[in-house]
Number of protein chains: 2
Amino acid sequence: MRIPQQERSRATQQRLLEATVDCLIEHGWSGTTTTLVAQRAGLSRGAQLHHYPTKAALVLAAVEHLAARRAEEIRVEAAALPVPELDRAVELLAAAFTGPLYVAALEIWVAARTDALLRTALVPLEARVGRELHRLAVDLFGADESRPRVREAVQATLDLLRGLGVANLLSDDSARRRSILAVWTGQLAEVLA
Amino acid sequence: MRIPQQERSRATQQRLLEATVDCLIEHGWSGTTTTLVAQRAGLSRGAQLHHYPTKAALVLAAVEHLAARRAEEIRVEAAALPVPELDRAVELLAAAFTGPLYVAALEIWVAARTDALLRTALVPLEARVGRELHRLAVDLFGADESRPRVREAVQATLDLLRGLGVANLLSDDSARRRSILAVWTGQLAEVLA
DNA sequence: GGCAAAACATGCAGGCTTGACTGTTTGTTT
DNA sequence: AAACAAACAGTCAAGCCTGCATGTTTTGCC
């Protein structure tokens, strides 16, 4: 009766999900095999299959886990921002679209395009995450969406960050990104003002 | 002595490369197996291995083929645009970032992130393609890059389109895209004017 | 203490992918 | 026409991935 099994089970599942996300980051979607995930989690394949009987089950759980982590990461950094300043707010969001977690999410999005099961599970989830992100951005920017063009400008900002994140995939792009964001932030300020 | 073998060879290689791109579009990166490509090209595996001895060779050739096709597609549509009008120009570029060819390119980018061979081959190629695309956009917009913020605005537009393309991966996003681009184009016009 | 269930470990079978090997047809050269 | 090279076809072995089946340990409960 050392460790309650419910807690132990939860901990093991967490380890598996973390390992899945790590594998996605390091080896990409096709490199993320169940065997590798089990190894990385320091678990036997048997234990893995006990918790997640199929690869689909594992990945779907990992997707939710990933979404939660991304949301939390953004929220934490947002909380560390005392004064609503546009430049810093955009910078903060940009970080969320260049980190490893975004990369993992991208791997899953691209894979889901041609994987019916993943896709159907992902679309509603991403819709929710997208709305949350939008809301967060609105708050960060101190934007008033009832004014014309504000809503579109905020969304454009997020989509721009998505694109910059893609451009950052293969080689470090931070210098270019900075100068682009500097200009866009100015434009954004005009719309929000 | 009907068909010169050089021409025949070229034709089969084209078929293989087209089949590779088609497979990328339909089945994604991990679904693109050499066997499937050979089948789709209506060729035996022997013939395939004769032309491209490894999968890496095949894919690298397909990447160049894809880049050429994307560039040509954009150039063709650009030529069909008589008067330089900003709205239409942005629309045209947006189409280039939502079509199947962009999807195929995205599959390769994401895969290249964790595939050293692909990556080293892709980085210089994409740098070139990126410059060409930028140049094309500048021409289409009739932009004067010597003026402040113009260069960044053009690049931001391309990165925004990249991001919108990603958002369009899983579900049709054209309505949202239209409204965002409408606002964006307005902002862009201010910078260019 | 004893029993059931959950957590975990290990080995195995089937399917798939890749690249190699051998053979055949078609084109080229002399 | 004869020898040679390229294009093409079919088959095979090795390796990997997934899921299952069978044990072993740990936990919960009586």
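Below, chain A is the first sequence line, B the second, and so on; all start at residue 1.
Its side chain outside the 4.5 Å cluster rule for every partner, Leu49(B) clusters with none of the Ile, Leu, Val, Met, Phe, Trp and Tyr residues. Connectivity analysis of hydrophobic side chains (ILVMFWY, heavy atoms under 4.5 Å, direct or indirect) links Leu58(B) to Leu16(B), Leu17(B), Val37(B), Leu43(B), Tyr52(B).
A salt bridge does not link Arg177(B) to Glu91(B): none of the charged nitrogens lies less than 4.0 Å from a carboxylate oxygen. Of the charged side-chain nitrogens involved, at least one lies within less than 4.0 Å of a carboxylate oxygen, so that Asp159(A) and Arg176(B) count as a salt-bridged pair. Between Glu18(B) and Arg40(B) no salt bridge is recorded (no basic side-chain N to carboxylate O distance below 4.0 Å). Ion pairing between a basic and an acidic side chain is recognised when a charged N comes within 4.0 Å of a carboxylate O; Glu77(A) and Arg88(A) show no such pairing.
A straight line from CZ of Arg8(A) to P of dA7(C) spans 8 Å, rounded to a whole angstrom. Atom P of nucleotide dG27(C) and atom CD of Glu7(B) are separated by 12 Å, given to the nearest angstrom. Going from atom CD of Gln13(A) over to atom C1' of dA7(C) covers 11 Å, rounded to whole Å.
Interface residues of residues 32-58 of chain B facing DNA chain D, ordered by number: Leu43(B), Ser44(B), Gly46(B), Ala47(B), His50(B), His51(B); criterion, heavy-atom separation under 4.0 Å. Non-hydrogen atoms lying under 4.0 Å from DNA chain D are contributed by nothing in residues 21-30 of chain A.
Partners of Trp29(A) under the ring-ring contact (aromatic ring centres under 6.0 Å, His included) rule, at least two apart in sequence or in another chain, do not exist in this structure.
For the helix from dG1(C)-dC30(D) to dT30(C)-dA1(D), the end axes, each set by the C1' atoms of five terminal pairs, are bent relative to each other by 10° (nearest 10°).
For the residue pair Arg113(A) and Leu24(B), the shortest heavy atom distance occurs at NH2-O, 2.9 Å. When all heavy atoms of Leu170(B) and Trp109(A) are compared, the closest pair comes out as CD2-O, 3.6 Å.
Cation-pi geometry between Arg162(A) and Tyr102(A) is not met at under 6.0 angstrom from the ring centre and within 45 degrees of the axis.
In this model, the phosphate group of dC8(C) is approached by a side-chain N or O of Thr12(A) to a distance below 4.0 Å at OP1 or OP2.
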